[in-house]
Every structure is written in C-alpha cells, then in structure tokens.
Amino acid sequence: MRIDKLLANMGYGSRKEVKKLLKDGGLQVNGEVIKDGKVHVDAEKDTVMLYGDKVEYREFIYLLMNKPPGLISATEDANEETVIDILQMDDQIFNPFPVGRLDKDTEGLLLITNDGQLSHQLLSPKRHVPKTYFAVIEGEVADRDVEAFKEGVTLEDGYHTKPGDLVILKSGLTSDIELTITEGKFHQVKRMFESVGKRVVYLKRLSMGPLKLDEDLELGEYRELTDEEVEMLKEFRP
C-alpha cells in the first residue's frame, strides 16, 4: 500500500496534510526517512514510525455498542443523531456502519464495523442468524401466543413470518418476554405482537448470533470486540 494512503486511512490527515507530514521528514519506514508518498510499504511487515510513534495499521474495526434510545441506526442523517455520531473520532475514521438496524426507540446490542463481508454474512436471509430480544408487552402474553409465534404469524401486510421462539418471563397487565427470531423485517418484533393484539412498550436486543450484549456497557457506551468474539462471529454457522 502507498504510504500516503496508509496514513490517510489511519486518520493522520487528508492526502494534502499527509503530504506535508512526509515533506517535514517525520516519517520513517524501517529506520529510513521517507518523504515520497508514492513509496509502497507492507503494513504487516514494515515498521512505520511517525515522529517516533509506531503506526499500527488496521484494516477493520469491530465495535459492540449498547445502543441508547433516541439514536437512529445509520451512518449519517440530515435531521437525526446517529449511532456513528457518538463514536470517538479515532473510530469514525474507519468509516464503520451498523450491522442491521435497531429502531430509534430500541436499546441494546448493536454491532458496528467496516467489515462488509462479515456484515453480509450476519444479515443474509439465507443464514438465519438468530437475534434475541427482551421486551415489555402491554397486555397478557399467554401460551397461545407462544404457540402462534412457533408457527409464525401473519403481519398486517400479509407477510407470514418464520417461526419465533417466545419465552414468557412474567405475565400480567404488562408482560416480560424474550423472543428469538431469525429475520429482520422492518419493526418485526413490534409487528409480530401487533398481529396477536398486543403492543411492545420497551424493546432491547440481547444477542445476535453468538455475540451477547456486554451488560457492563452503559447505554451509549461501546467497546471493541475481543479477537475471540470476532473469530466466533466469522465462524458462526446457525
């Protein structure tokens, strides 16, 4: 990779700013001062130092966020604050994007990355990657709802969903449930409950495939995935 492209990708400035860095003689590759941005380096083998600090090149970034309500799952929006807006600039420079969507008022696990291949792998309808949600429901959730979800329910637009695994945690005037589904239709959890005459009043995603929400993360906080978590996601086969 060209050294000016590597530095720009790592957030050290625009191509023009990187050109000035090089001209000032602050960059060394394997101990040799490099001033020409066209010079190619091997990011894995060569030692790149900028003003005495080692430049660690990374192609991909993997972030686990506990999404707060009020943010939309998008990279940018003219009117609304997005989940990308609350990332540190050091993370934004990788141009990451949310893997799938959580509604604006929905909380919980959101994977953010710039790894398009992994995103496709997790979102592909052919993969049937399970996603588990905790929800508070207005109305009494009963065994008949469990059975209905097990068969799949018909939404208001006529679409018949794939089976969902509904677990009742508490039943009453409001009910606490966990629901695992393998699709991601627009507002799917809310629409599934509407199909049986009930309303979701609180929704939180707990897991996506093998990745679980880190309960140590406060709403709006995020952390990088561990190497083990990244490997687990890449190797996951439902």
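These numbers come from a predicted model, not from an experiment.
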Say you draw a straight line from [atom1] of [X] to [atom2] of [Y]; how long is it, rounded to the nearest 0.5 Å?
X: Ile61; Y: Asp90; atom1: CD1; atom2: CG; value: 8.5 Å
X: Asp91; Y: Ile112; atom1: CG; atom2: CD1; value: 9.0 Å
X: Glu151; Y: Thr161; atom1: CD; atom2: OG1; value: 10.5 Å
X: Glu194; Y: Arg199; atom1: CD; atom2: CZ; value: 9.0 Å
X: Leu109; Y: Leu211; atom1: CG; atom2: CG; value: 5.0 Å
X: Leu63; Y: Gln88; atom1: CG; atom2: CD; value: 10.5 Å

Checklist entry - Should Asp115 and Tyr62 be marked as a side-chain hydrogen bond (donor to acceptor under 3.5 Å, both in side chains) after you check the CA-CA gap, both sets of side-chain angles, and the distance that decides it? => result CA-CA 8 Å; Asp115 186 339; Tyr62 304 92; 2.5 Å; yes

Item to check | Pairs meeting criterion ring-ring contact (aromatic ring centres under 6.0 Å, His included) with involvement of residues 163-219, two or more places apart | outcome: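 As it turns out, the ring-ring contact (aromatic ring centres under 6.0 Å, His included) pairs with a partner in residues 163-219, which skip direct neighbours, are Phe149-Phe193.
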
[Y] backbone acceptor or donor facing [X] side chain under 3.5 Å:
X: Lys67; Y: Leu71; answer: yes
X: Arg205; Y: Tyr133; answer: no
X: Thr106; Y: Lys204; answer: no
X: Ser119; Y: Val99; answer: no
X: Glu138; Y: Val201; answer: no
X: Glu17; Y: Ser14; answer: yes
X: Glu221; Y: Glu218; answer: yes
X: Gln121; Y: Leu233; answer: yes
X: Lys234; Y: Met232; answer: no
X: Asp77; Y: Asn79; answer: yes

Do [X] and [Y] have side-chain heavy atoms sitting under 4.5 Å apart?
X: Val129; Y: Phe236; result: yes
X: Val189; Y: Ile181; result: yes
X: Leu217; Y: Leu64; result: yes
X: Leu123; Y: Met208; result: yes
X: Asn66; Y: Leu213; result: yes
X: His128; Y: Lys162; result: yes
X: Asp53; Y: Leu50; result: no
X: Ile137; Y: Thr174; result: no

Tell me the closest heavy-atom pair linking [X] and [Y], and the distance in Å.
X: Ser73; Y: Leu110; result: OG-CD2, 4.1 Å
X: Asp36; Y: Leu22; result: C-CD1, 4.3 Å
X: Glu140; Y: Ser175; result: CA-OG, 3.5 Å
X: Leu102; Y: Glu107; result: CD1-O, 3.8 Å
X: Pro96; Y: Gln92; result: CD-O, 3.7 Å
X: Ala74; Y: Pro98; result: N-CG, 3.8 Å

Item to check | CA sep, side-chain torsions, deciding dist, call: Leu206, Glu178, side chain to side chain contact (heavy atoms under 4.5 Å, CB included) | outcome: CA-CA 9 Å; Leu206 303 177; Glu178 283 188 6; 3.6 Å; yes

Charged N to carboxylate O under 4.0 angstrom, [X] versus [Y]?
X: Arg223; Y: Glu229; result: yes
X: Glu156; Y: Arg191; result: yes
X: Lys190; Y: Asp105; result: yes
X: Glu147; Y: Lys150; result: yes

Next on the checklist: One pair to check against side chain to side chain contact (heavy atoms under 4.5 Å, CB included): Val29 and Val39. What are the steps and the verdict?
Outcome noted: CA-CA 10 Å; Val29 178; Val39 171; 5.9 Å; no

Residue [X] excluded, over 12 heavy atoms near [atom1] under 6.0 Å:
X: Asp143; atom1: CG; answer: no
X: Gln117; atom1: CD; answer: no
X: Arg101; atom1: CZ; answer: no

Are [X] and [Y] linked, directly or through other ILVMFWY residues, by side chains that come within less than 4.5 angstrom of each other?
X: Val18; Y: Met49; answer: no
X: Leu166; Y: Val136; answer: no
X: Val196; Y: Leu203; answer: yes
X: Val230; Y: Tyr222; answer: no
X: Val55; Y: Leu21; answer: yes

What side-chain donor-acceptor pairs closer than 3.5 Å can you find for residues 3-10, not counting sequence neighbours?
from, atom 1, to, atom 2, distance (Å)
Asp4, OD1, Arg2, NE, 3.1
Asp4, OD2, Arg2, NH2, 2.7

Next on the checklist: Ignoring hydrogens and geometry beyond distance, is a side-chain donor-acceptor pair present between Asn114 and Asn95 at under 3.5 Å?
Outcome noted: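 On atom types as modelled, these side chains do not qualify, holding no pair under 3.5 Å.
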
Checklist entry - Would Lys54 and Val48 count as a side chain to side chain contact (heavy atoms under 4.5 Å, CB included) if you check the C-alpha gap in whole Å, the side-chain angles of each, and the deciding distance to 0.1 Å? => result CA-CA 6 Å; Lys54 189 173 182 181; Val48 180; over 6 Å; no

Next on the checklist: With side chain to side chain contact (heavy atoms under 4.5 Å, CB included) as the criterion, how do Phe134 and Ile177 come out once you've worked through the C-alpha distance, each side chain's angles and the decisive distance to 0.1 Å?
Outcome noted: CA-CA 6 Å; Phe134 168 80; Ile177 64 93; over 6 Å; no

Item to check | Pair Lys35-Asp24, salt bridge (charged side-chain N to carboxylate O under 4.0 Å, His left out): steps then yes or no | outcome: CA-CA 8 Å; Lys35 294 188 175 184; Asp24 290 345; over 6 Å; no

Next on the checklist: Against the six-membered ring of Tyr159, is Lys185 placed for a cation-pi contact (under 6.0 Å from the centre, within 45° of the normal)?
Outcome noted: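 Yes, a cation-pi geometry.
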
